[in-house]
Visitor: 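What follows is a single structure, and I will ask about it in a moment.
We're numbering straight along the sequence, starting at 1. This one's a predicted model, so the numbers in the text were calculated from it and none came from an experiment.
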Amino acid sequence: MVIEILCFYNVENLFLPDQVPIHRMDPTRSGLKNWDERKYNNKLFRLSHVFSLIKKQNGILPFIIGLSEVSGREVLEDLVKMDPFNSKYGIIHYDSMDERKVDVAMLYDKAKVEIVDSETITFFFEKIKKNTENYDTTRDVLYSKIRYKEKKEVIHIFITHLPSQRERDVNKPKRAFILNEIRKRIMNIEEEKVILCGDFNENPDDENLVRILYNDEGGKMLENPFLELFHTRNYSTFHLKTGLLFDQILLSKSFFDKTGLIFQNAEIFNTKELSSRDRKFENRPFRTYAGTRYLGGYSDHFPVLTKFKL
């Protein structure tokens, strides 16, 4: 019997509607083509419907939801007013210095979760080209310390959206650095449970995501239940013809003990309703945009879930 669900979802460019540009070629905040009120409201409807489907299938909503690619707090306030949240979910969000103005965030069931503390972990990287600005910034890591009220259990949650793979993966060292900083913080957390989730822009068997599972002495401190899903060709997103499992939820080994919340299983929520309407892209996420072409879908990623029992 499932008692609680934790979800992570890259929602693909959740921006407020753009103001109508004065000139046709003027840049917009979102960077999306013709991102207007109608498309924004459809996006909110689509995203809220995802969680209605999760509730329908499991009987409950996730008690914690990690999100990425959200721009500002207002879009989250609009989302949690809608069914099935109905203003019963709280928001943790901080504006980051990301160049595209997209952030990570956390929603939580206020009846089940008490926020003890939260902060962002910000990273600055020196630029290679000396004629540009001094530092390159990326999306913050969101850290929250919560208390799960049912068992008065403290859980530390890290939500991240690591730098993307592009230009021969110049960002791989940045991802390695960020993950190592998170790893150091996790090593300093004793006894209490830890969750690390996000869009890592790496698959579960990539070197960086294998290294973070272990402490300096080589002892296992985290488990990645999405490794098995990846080996059985389960994917949360795609690039060209390649399936990827960049969206993952890692758990401290204490979730596999016999006290409090206990890990039950992990899954990719890839129901047919969230999948592409184009037969050529069958079983892939039904996206909002394909390049500049508006499709009106949910996201270019599927949500990922971990389920717990008591």
Visitor: Hey, are Thr232 and Asn234 close enough side-chain-wise for a donor-acceptor pair under 3.5 Å?
Guide: yes

Visitor: Looking at Glu207 and Arg211, is there a salt bridge between them, counting it only when a charged N and a carboxylate O are closer than 4.0 Å?
Guide: yes

Visitor: Is the ring centre of Phe158 less than 6.0 Å from the ring centre of Tyr143?
Guide: yes

Visitor: Could you tell me if Ser30 and Asp18 have a donor-acceptor pair between their side chains, going purely by distance under 3.5 Å?
Guide: yes

Visitor: Has Asp206 got a side-chain atom pairing as donor or acceptor with Asn203's backbone, closer than 3.5 angstrom?
Guide: yes

Visitor: Can you establish whether the number of heavy atoms outside Phe256 located under 6.0 Å from its atom CZ is more than 12?
Guide: yes

Visitor: Have Asn201 and Ser164 got a donor and an acceptor in their side chains that come within less than 3.5 Å?
Guide: no

Visitor: Looking only at the side chains, is there a donor atom on one of His301 and Glu69 sitting less than 3.5 Å from an acceptor on the other?
Guide: no

Visitor: Check for a donor-acceptor pair, side chain of Glu192 on one end and backbone N or O of Ile189 on the other, with a separation under 3.5 Å.
Guide: no

Visitor: Could you see if Leu67 belongs to whatever hydrophobic cluster contains Ile115? Use Ile, Leu, Val, Met, Phe, Trp, Tyr and a side-chain cutoff under 4.5 Å.
Guide: yes

Visitor: Between Tyr89 and Tyr108, is the gap from one ring center to the other below 6.0 Å?
Guide: no

Visitor: Are Tyr289 and Val50 grouped together when hydrophobic residues (ILVMFWY) are joined by side-chain heavy atoms under 4.5 angstrom apart?
Guide: yes

Visitor: Within the 3.5 Å criterion, strictly below it, is a donor on Ser96 or Asp103 matched to an acceptor on the partner's side chain?
Guide: yes

Visitor: Quick check: are there more than 12 heavy atoms from other residues, nucleotides or ligands sitting under 6.0 Å from CZ of Arg293?
Guide: no

Visitor: Assess whether salt bridge (charged side-chain N to carboxylate O under 4.0 Å, His left out) is satisfied between Glu267 and Lys307, documenting all intermediate values.
Guide: CA-CA 8 Å; Glu267 68 179 61; Lys307 298 179 180 179; 2.9 Å; yes

Visitor: Less than 6.0 Å separating the ring centroids of Tyr148 and Phe63?
Guide: yes

Visitor: Can you check whether Ile146's main-chain N or O pairs, donor with acceptor, with Ser144's side chain at less than 3.5 Å?
Guide: no

Visitor: If we ignore angles and hydrogens, is there a donor and acceptor under 3.5 Å between the side chains of Arg29 and Ser71?
Guide: yes

Visitor: Evaluate the side-chain proximity of Glu223 to Phe255: yes if any heavy-atom separation is below 4.5 Å, no if none is.
Guide: no

Visitor: Can you confirm whether Leu14 sits close enough to Val11 that some side-chain heavy atom of one is under 4.5 Å from a side-chain heavy atom of the other?
Guide: yes

Visitor: Flag the pair Asp216 and Arg183 as a salt bridge only when some basic side-chain nitrogen lies within less than 4.0 angstrom of an acidic carboxylate oxygen.
Guide: yes

Visitor: Can you confirm whether Thr120 sits close enough to Val141 that some side-chain heavy atom of one is under 4.5 Å from a side-chain heavy atom of the other?
Guide: no

Visitor: Evaluate the side-chain proximity of Phe302 to Ser275: yes if any heavy-atom separation is below 4.5 Å, no if none is.
Guide: yes

Visitor: Check this for me: does any side-chain nitrogen of one of Glu150 and Lys112 sit under 4.0 Å from a carboxylate oxygen of the other?
Guide: no

Visitor: Do side-chain atoms of Glu153 reach the backbone of Leu261 as a donor and acceptor pair under 3.5 angstrom?
Guide: yes

Visitor: Pick from Asp199, Leu47, Asp247: which one makes a side-chain contact (heavy atoms from CB on, under 4.5 Å) with Tyr9?
Guide: Leu47

Visitor: Is any side-chain heavy atom of Thr237 less than 4.5 Å from a side-chain heavy atom of Asn10?
Guide: no

Visitor: Check whether Gln248 reaches the backbone of Glu202 with its side chain - one donor and one acceptor, N or O, closer than 3.5 Å.
Guide: yes

Visitor: Heavy-atom distance under 4.5 Å between the side chains of Leu213 and Met221, does that happen here?
Guide: no

Visitor: Short question: side chain of Asn58, backbone of Ile54 - any donor-acceptor pair under 3.5 Å?
Guide: yes

Visitor: When you measure from the side chain of Asn86 to the backbone of Lys88, do you find a donor-acceptor pair of N or O atoms at a distance under 3.5 Å?
Guide: no

Visitor: Holding to side chain to side chain donor-acceptor pair (under 3.5 Å), I want the full list of residues that pass it with Asp98, two or more places apart in sequence or in another chain.
Guide: none

Visitor: Any side-chain heavy atom of Asn13 sitting closer than 4.5 Å to one from Trp35?
Guide: no

Visitor: Counting only heavy atoms not in Lys272 (residues, nucleotides, ligands), do more than 12 fall under 6.0 Å from its NZ?
Guide: no

Visitor: With heavy-atom distances below 4.5 Å as the criterion, would you say the side chains of Asp300 and Phe238 are in contact?
Guide: no

Visitor: May I ask you to say whether Glu181 pairs ionically with Arg185, meaning some side-chain N is under 4.0 Å from a carboxylate O?
Guide: no

Visitor: Considering residues at least two apart in sequence or located in another chain, which fulfil the ring pair (Phe, Tyr, Trp, His ring centres under 6.0 Å) criterion with Phe15?
Guide: none

Visitor: Start with the C-alpha gap between Glu77 and Leu79, add the side-chain angles, then the distance that decides, and say whether side-chain contact (heavy atoms from CB on, under 4.5 Å) holds.
Guide: CA-CA 5 Å; Glu77 291 173 344; Leu79 180 61; over 6 Å; no

Visitor: Under 6.0 Å from the CE atom of Met97, do we count more than 12 heavy atoms belonging to anything else shown?
Guide: no

Visitor: For Glu217, is there any backbone N or O sitting under 3.5 Å from a side-chain donor or acceptor partner on Asn215?
Guide: yes

Visitor: Side chain to side chain donor-acceptor pair (under 3.5 Å), that's the test. Do Ser118 and Tyr94 meet it? Break it down for me.
Guide: CA-CA 10 Å; Ser118 71; Tyr94 299 89; 2.7 Å; yes

Visitor: Kindly say whether Val116 contributes a backbone atom to a donor-acceptor pair with the side chain of Arg147 at under 3.5 angstrom?
Guide: no

Visitor: Report the C-alpha distance between Arg233 and Tyr235 in whole Å, list the side-chain angles of each, state the deciding distance to 0.1 Å, and finish with yes or no for side-chain contact (heavy atoms from CB on, under 4.5 Å).
Guide: CA-CA 6 Å; Arg233 299 184 179 181; Tyr235 308 121; 3.5 Å; yes

Visitor: Using only heavy-atom distances, determine whether the side chains of Lys43 and Thr288 contain a donor-acceptor pair under 3.5 Å.
Guide: yes

Visitor: With distance as the sole test, does Lys193 use its side chain to make a donor-acceptor pair with the main-chain N or O of Lys253 at under 3.5 Å?
Guide: no

Visitor: Linking directly or through intermediates, with side-chain heavy atoms under 4.5 Å: list the remaining ILVMFWY members grouped with Leu244, chain and number order.
Guide: Phe246

Visitor: Any salt bridge between Lys149 and Glu114, counting N to O under 4.0 Å?
Guide: no

Visitor: With no hydrogens and no angle check, just 3.5 Å: does a side-chain donor-acceptor pair link His161 and Arg139?
Guide: yes

Visitor: Report the C-alpha separation of Gln165 and Asn171 in whole Å, then their side-chain angles, then the decisive distance to 0.1 Å, and conclude whether the side chain to side chain donor-acceptor pair (under 3.5 Å) test is met.
Guide: CA-CA 6 Å; Gln165 293 192 17; Asn171 285 329; over 6 Å; no

